[in-house]
There are 2 protein chains.
Amino acid sequence: MTDKPDSAGGANSGMGAPDLIAALTDESGLVSALERKLAASILADVSFATNASITEIAARAGVSPPTVTRFCRRLGCASFSDFKLQLARSAYVGLRYLRPEPMTSTPAEVAEDIVTKAQNALFEMHRGLDLEALSRAAGLLAGAQMIYAFGSGGNSSMIVNELQNRLFRLGCRITASNDHGMSLMLAAAAEPDAVVIGSSFTGRNLELVRCFGLLRERGIKTIALTQSNSPVAAAADVVVAVDLPEGQNIFRASSTRYAFLAAVDILANLVAYADRSRSARLLRGIKAQLIRHRDGDDRQLLGD
Amino acid sequence: MTDKPDSAGGANSGMGAPDLIAALTDESGLVSALERKLAASILADVSFATNASITEIAARAGVSPPTVTRFCRRLGCASFSDFKLQLARSAYVGLRYLRPEPMTSTPAEVAEDIVTKAQNALFEMHRGLDLEALSRAAGLLAGAQMIYAFGSGGNSSMIVNELQNRLFRLGCRITASNDHGMSLMLAAAAEPDAVVIGSSFTGRNLELVRCFGLLRERGIKTIALTQSNSPVAAAADVVVAVDLPEGQNIFRASSTRYAFLAAVDILANLVAYADRSRSARLLRGIKAQLIRHRDGDDRQLLGD
DNA sequence: GCGTTGATGAAAATAAATTTCTGAAATGTG
DNA sequence: CACATTTCAGAAATTTATTTTCATCAACGC
């Protein structure tokens, strides 16, 4: 470990958190039956695994310590301790998936549950992010003469409002619409150099699909912020997929919003970076706000 | 370690992540000069510390290994390995605070930056959460005959709209207002059994302060979702404080939104649990939506 | 059927962490 | 100011943990 070349620079040390839980669940890299048994044993009680020694883990899985060491190496870790470290990191965000819904009741439990789920949602969104699609979407938005953002229902409404809120500050011409009828009219009236971005948590907003169809006929580019393999995704030119594991979200869409919100956040940042002059303008604006802040009149600082 | 009683149940094993970085920065628990030196050395390169052995850490700090062991114990860890584990967990969410803004540019960096900051914000919000105040706020909201939610600017507007979106589903009578003038009129017309909740990211929304003052005179309860030690907080009856470290948020309020959103989420859940019949109604509603979902018409599932 | 490859555990070797013990410094006390 | 007491810190020894080496076994191909 002392001579490991990447331990100083920290190629995989502090950041990024290669997702060990996923690798463990995934099995594809695991050849032998014993290794699968080991993976299952670790997944069955991750918090035990993060705290136990190699001997204890081996004993619980019914294998020998060397097997555990080899297993860790196969998973891409430098050593067993490295494995434990990475597991601890992954477990911090990923652990809850493995537990059944505890039907929380005390305020502390509710708070922890919501925060954890939100972090999980962000983690999963980030893991499944298609950066290439995101870049293409940002490119389209940055080059658009006019942007329309469509989405309805409590959640997608928020998202498209947020899009408008973020993008108009970057100098984009944008309007958001939460109303199907209005969206259709806007789509019909849109000029060829416009870009339409639509959000749908479920991917089954059929009005949005219809809208996208109409726009495709007219050669206007469309971006969907939605689940992949959904009607909305199929109807759009560029799909920024936000796929979260079904299970826990079926009863509560709320954690999904964090993922969508972050996707919008990333998109807005990429749009800002897509155009240097725009980016500069953005920074100037922020600085101006900062100065205003120092002068005491910070009522509007960063939009409150 | 084998007989450590809490290793099986995992009292501090998987969850909660006692924030070691904060404890390390805090210094108050550290008596001797050597321990402070050790803390400084670890903080100077956290990712080194998470990967190194006790000997390496001791050498770098210029102390002996036993001192490191004792140091870990003093910090509340069971052993040095336990310390490393906790450090790794804390570092995963807390590390970025210690690094200067890297001026991200590639899409991958932007995405990681935003996701990490959002997770940081959630983590910090959770850490500083005053559950007692939150419960009181939820109790007020659950008992209110009418709720007014005030907040302006892009961010707080979103928050109060979200509040309305969440609470009306629970059977609360609620209206959100993003307009100062309108808010004042609503406040003036509010009846004594109403409750007003206001959001302000900066805590310096003076119109909101004025509103709260007016309401206090009239004996109407007010709840603030804002920074503690701010004018808005001072003017409210119940303060749900969301305090995030300044540094990284001065240039971009966006990560703060995740914290506020989660606070609203928690609040809404507590309101739901505050009233059993309401909670039951909520669940029935969700079930009905689920059934509709199975029938194929899931267009409105959970509000999209 | 036999050699080869890869997987596995036992035992040995290595490395790591903790305890014990001893000396040094600081603080209080006569 | 000297002495006792406490606390702190490191050296060495002990314990514990991890990894390497090596021998065995099973599966697979030739």
Side-chain angles (χ1 to χ4, degrees), chain A residues 1-8 13 20 23-24 27-42 47-88, chain B residues 1-8 12-13 20 24 27-42 47-88:
Chain A
M1 188 182 270
T2 46
D3 54 40
K4 195 173 50 129
D6 60 326
S7 83
S13 44
L20 220 50
L24 241 32
E27 299 208 347
S28 66
L30 308 175
V31 243
S32 87
L34 274 205
E35 282 183 341
R36 266 191 292 276
K37 200 167 82 173
L38 192 47
S41 169
I42 289 168
S47 70
F48 168 81
T50 55
N51 286 61
S53 77
I54 194 171
T55 326
E56 293 171 299
I57 291 173
R60 182 176 281 213
V63 300
S64 69
T67 302
V68 178
T69 295
R70 284 189 281 257
F71 173 81
C72 298
R73 296 259 164 80
R74 191 183 297 276
L75 254 43
C77 304
S79 65
F80 171 71
S81 6
D82 189 33
F83 169 80
K84 276 220 297 193
L85 239 45
Q86 295 203 31
L87 187 65
Chain B
M1 187 180 268
T2 47
D3 53 41
K4 196 173 53 132
D6 60 327
S7 86
N12 64 352
S13 43
L20 220 50
L24 239 33
E27 298 208 346
S28 65
L30 308 175
V31 244
S32 87
L34 274 204
E35 282 182 342
R36 267 192 291 277
K37 199 168 81 173
L38 193 46
S41 169
I42 288 168
S47 69
F48 167 81
T50 56
N51 287 61
S53 75
I54 193 169
T55 327
E56 293 171 297
I57 291 173
R60 182 175 282 215
V63 300
S64 68
T67 303
V68 178
T69 295
R70 284 187 280 256
F71 174 80
C72 298
R73 297 258 163 81
R74 191 184 298 276
L75 254 44
C77 303
S79 65
F80 172 70
S81 1
D82 188 34
F83 170 80
K84 276 220 297 194
L85 238 46
Q86 295 203 32
L87 188 65

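As a basis for the values below, the full set of heavy atoms in this structure was taken, side chains included, without hydrogen atoms, waters or symmetry mates. This one's a predicted model, so the numbers in the text were calculated from it and none came from an experiment. Naming: A, B, ... by sequence-line order, numbering from 1 per chain.
OP1 and OP2 of D/dA9 both lie 4.0 Å or more from every side-chain N or O belonging to B/S64.
B/T67 is linked by a side chain to side chain donor-acceptor pair (under 3.5 Å) to B/S64, counting only residues two or more places apart in sequence or in another chain. B/R73 pairs by the salt bridge (charged side-chain N to carboxylate O under 4.0 Å, His left out) definition with nothing, not counting sequence neighbours.
Distance B/D82 CG to C/dA16 C1': 16 Å, rounded to the nearest Å. A/L38 has its CG atom 14 Å from the C1' atom of C/dG9, to the nearest Å. Atom CZ of A/R36 and atom P of C/dA7 are 12 Å apart (whole Å). If you take CD of A/E35 and P of C/dT8, they are 6 Å apart, rounded to a whole angstrom.
For the side-chain contact (heavy atoms from CB on, under 4.5 Å) with A/F83, the qualifying choice from A/T50, A/V68, A/L75, A/I54 is A/L75, the only one to do so.
Contact check for B/F71 versus B/I57: no side-chain heavy atoms found under the 4.5 Å cut-off.
Counting only residues at least two apart or on different chains, no salt bridge (Lys or Arg N to Asp or Glu O under 4.0 Å) pair has a member in residues 61-71 of chain A.
Judged by distance alone, with hydrogens and angles left aside, the side-chain atoms of A/K84 form a donor-acceptor pair with the main-chain N or O of A/A52 at under 3.5 Å.
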For nucleotides 18-20 of chain D, list the nitrogen or oxygen atoms of the protein found under 3.5 Å from its nitrogen or oxygen atoms, one pair per line.
residue, atom, partner, partner atom, Å
D/dT18, OP2, A/I54, N, 2.6
D/dT19, OP1, A/F80, N, 3.1
D/dT19, OP2, A/T69, OG1, 3.0
D/dT20, OP2, A/R73, NH1, 3.0
D/dT20, OP2, A/R73, NH2, 3.4

